[in-house]
There are 2 protein chains.
Amino acid sequence: MADTPYAPSRIRALPSWLLGRAAARGHRLVAEALATEGMRMMHHAVLSAVAELGPVSQAELGRTVGIDPKDMVAIVNDLQGDGLVTRTPDPKDRRKNAVEISAEGQRRLRRTQRLGDAANAELTAALSDEERAQLIALLTRIVAPGE
Amino acid sequence: MADTPYAPSRIRALPSWLLGRAAARGHRLVAEALATEGMRMMHHAVLSAVAELGPVSQAELGRTVGIDPKDMVAIVNDLQGDGLVTRTPDPKDRRKNAVEISAEGQRRLRRTQRLGDAANAELTAALSDEERAQLIALLTRIVAPGE
DNA sequence: CAGTTTCATTGGATGCCCCAACGATAACCA
DNA sequence: TGGTTATCGTTGGGGCATCCAATGAAACTG
């Protein structure tokens, strides 16, 4: 301990630290890319989930994307205000809103998906295809440790 | 595109998304561990950097750890209030504060380092030693793309 | 010596996460 | 059936981390 007086920071070698830094860079790159279409990351994630799940309740959207119901209200409000999704009462369960993507939402989603992919390509530009696949596999196991 | 109607979310396979999720889990694990010593992540990081760099200005600390000067003021205030660091005016440059770790700060740092290491072990528990080293290497290249 | 830069500090804004409550509705179960 | 429990959307509030702008003091530059 005392014999390593000026060792390079232990913290910088910790997975939690590296993950935080890498995530920050990824967030910045993606956010900047999406901003050119006036979209934010969580809005894009929700829009993508809506496109994928079809008519879906806000609660299920929140579980899928990992967003607090409180924040989901604001996001769906924004998406609806921009005409990207529709929010209609579910006739089968009148508690729920059936959130569905609109035609303009699909067009917007195609553009933002391209932007997101490009940002991710830049994020992992230093990696080969094989290394990128390795990283994704390792991260997946860290994110869902029990599954 | 149209032939994958219910494909699992594209977003969940993006490095930026996985990094965000993994970083969130790492942050949660480390923060919970450090909380048992009444410390927060950034406080621990700054304390570790102070121990490593010796008497150092807040600005250099901020550059090392990647913290906004505004936040550094509050963190050093807390660390000083807990008697973990000392903040004395630098005689050579009266703009700077010379931040230095105290004896109690070193004791605290030893404990929080153990806690941080344990949390990181839990974070990467699903990985073998070799995979953990791979992950660290890949993340390092993502964090510092040009270097 | 004048202009520029750095430093510590303050102020303010934003985004994400968590907890609590509410009225309406649905599901469960005895 | 009726009474309890759970879910849904929504509103409210708070904590925490990150970021940008500005300021006065001090140092550096040419």
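Here is the naming used below: chain letters follow the sequence lines, and residue numbers restart at 1 for every chain.
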Revision key, fill the gap. Of D/dT18, C/dC17, C/dC7, the nucleotide closest to the side chain of A/Asp71 is C/dC17
Practice item. Kindly give the heavy-atom pair with the smallest separation between A/Glu104 and A/Asp82, and that separation in Å. Key: OE2-O, 4.0 Å
Practice item. Apply the side-chain contact (heavy atoms from CB on, under 4.5 Å) test between A/His44 and each candidate in A/Glu37, A/Met39, A/Arg108; give the one that qualifies. Key: A/Met39
Exercise for review: Give the rounded distance in Å between these two atoms: CE of A/Met41 and P of C/dT14.
Suggested key: 18 Å
Review point. Does B/Arg95 have a side-chain nitrogen or oxygen under 4.0 Å from the phosphate oxygens OP1 or OP2 of D/dT23?
Key: no
Exercise for review: Determine the contact category for A/Arg87: base if any of its heavy atoms lies under 4.0 Å from a base atom, sugar-phosphate if only primed atoms, P, OP1 or OP2 are that close, otherwise nothing.
Suggested key: sugar-phosphate
Point to revise | Salt bridge B/Asp117-B/Arg114, side-chain N to carboxylate O under 4.0 Å | key: no
Exercise for review: Select one nucleotide: of C/dT9, D/dT10, C/dT25, the one nearest the side-chain heavy atoms of A/Arg94.
Suggested key: C/dT25
Point to revise | Gap between atoms CE and C1', on A/Met72 and C/dC17 respectively (whole Å) | key: 13 Å
Review point. For A/Asp68 and D/dT10, what is the distance between atoms CG and P respectively, to the nearest whole Å?
Key: 13 Å
Point to revise | C/dT9 OP1/OP2 closer than 4.0 Å to side-chain N/O of B/Asn77 | key: no
**Study point:** Minimum-distance nucleotide to B/Arg63 side chain [options: C/dT10, D/dT10, C/dT6]
**Key:** C/dT6
Revision key, fill the gap. Rounded to whole Å, CG of B/Leu29 lies from P of C/dC17 at a distance of 15 Å
Review point. CD1 of B/Ile67 versus C1' of D/dC19: gap in Å, rounded?
Key: 13 Å
Point to revise | Any donor-acceptor N/O pair under 3.5 Å between C/dG11 base and B/Lys70 side chain | key: yes
Practice item. Ignoring backbone atoms, establish whether A/Arg21 has a side-chain N or O less than 4.0 Å from OP1 or OP2 of D/dT18. Key: no
Exercise for review: Send over the distance from A/Lys96 NZ to D/dA6 C1', rounded to a whole Å.
Suggested key: 12 Å
Check your understanding: Does a side-chain N-to-carboxylate-O contact under 4.0 Å join A/Lys92 and A/Asp90?
Key -> no
Check your understanding: Does the A/Ser102 side chain pair with the main chain of A/Leu84, one donor and one acceptor, at a distance under 3.5 Å?
Key -> yes
Point to revise | Rounded distance in Å - CE (A/Met42) to C1' (C/dG15) | key: 10 Å
Point to revise | Nucleotide C/dG15, atom P - distance to CZ of A/Arg40 in whole Å | key: 5 Å
